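One structure below.
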Amino acid sequence: MAKQSGFLVRQKAQALVREKFVRELVGQFDADTVIIALCETYGFGYKRLIRFLDAWTKTRERYVAAVFPKADPEADVAQEHLDNALREIMRRGGKEHDFMPFKERYPMLMDVSYERKK
């Protein structure tokens with residue numbers, strides 16, 4: 001196996017740090033705006049918002065790998081689980097025909113591949 005360039009190793013590490021930063025930034029902003037929407041639109045009080053936020057955070061952590069395929073080797077599994085959960089919710093609501101697969105909902109993400117880069 002060929003020696004790996006130190007520069008490329010550092011570059012990859014920096015990219016993973018950036019992805020982690022973006023994930024945390026977007027997660028916090030999502031949480032802030034979801035809390036405001038639930039309070040303003042549905043009248044959720046503080047205690048209910050905190051319970052919701054706790055459940056939402058756990059759910060988000062369970063599926064977040066789906067949108068970070070470079071950082072997580074289980075991204076394709078998380079994508080399937082996310083699709084299955086949404087598909088079931090839509091099926092129960094009689095809207096299964098409106099379901100869009102992960103790749104259609106997130107066209108900007110690269111496909112998960114197990115092939116070796118040449």
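This structure is a prediction, so every number in the text was calculated from the model and none was measured. Every heavy atom of this structure was used, including side-chain atoms; hydrogens, water molecules and symmetry mates were not.
The hydrophobic cluster containing F68 also contains M108, counting ILVMFWY residues as joined when their side-chain heavy atoms lie under 4.5 angstrom apart, directly or transitively. Cluster membership check: V34 shares its hydrophobic cluster with L49, using side-chain heavy-atom separations under 4.5 Å among Ile, Leu, Val, Met, Phe, Trp and Tyr. In this structure, L53 is not a member of the same hydrophobic cluster as Y63, with clusters built from ILVMFWY side-chain heavy atoms closer than 4.5 Å.
In this structure the side chain of H81 never reaches within 4.5 angstrom of the side chain of R62, judged on heavy atoms. You'll find the side chain of R87 reaches within 4.5 Å of the side chain of N84, heavy atoms only. Annotation: side chain of I35 is not in contact with side chain of F44 (no heavy-atom distance under 4.5 Å).
Within a 6.0 Å sphere centred on NZ of K20, other residues, nucleotides and ligands contribute 12 heavy atoms or fewer.
A distance of 14.5 Å separates CZ of F21 from CD of Q14, quoted to the nearest 0.5 Å. We find the CD1-OG1 distance between I50 and T57 to be 9.5 Å, quoted to the nearest 0.5 Å. For the atom pair CD of Q79 and CG of L109, the computed distance is 7.0 Å after rounding to the nearest 0.5 Å. Rounding to the nearest 0.5 Å places CD of Q11 at 8.5 Å from OG of S5. To the nearest 0.5 angstrom, L86 atom CG is 5.0 Å from R105 atom CZ. With rounding to the nearest 0.5 angstrom, the CZ atom of F52 is 5.0 Å from the CG atom of L38.
Here the closest heavy-atom approach between residue V64 and residue R23 is recorded as CG2-CD, 3.3 Å. Closest approach of A66 to L82, counting heavy atoms only: CB-CD2, 4.4 Å. When all heavy atoms of A75 and P69 are compared, the closest pair comes out as CB-CA, 3.5 Å.
The closest donor-acceptor contact from the side chain of D83 to the backbone of P101 lies at 3.5 Å or more, if one exists at all. At least one donor-acceptor pair closer than 3.5 Å links the side chain of T33 to the backbone N or O of D30.
Note on residues 42-54: pairs passing side-chain hydrogen bond (donor to acceptor under 3.5 Å, both in side chains), not counting sequence neighbours, are D54-K58.
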Please table the atom pairs, donor to acceptor, closer than 3.5 Å between any side-chain atom in residues 89-96 and protein atoms at least two apart or in another chain.
unit_1: R91; atom_1: NE; unit_2: E88; atom_2: OE1; d: 3.0
unit_1: R91; atom_1: NH2; unit_2: E88; atom_2: OE2; d: 2.6
unit_1: R92; atom_1: NE; unit_2: E88; atom_2: OE2; d: 3.3

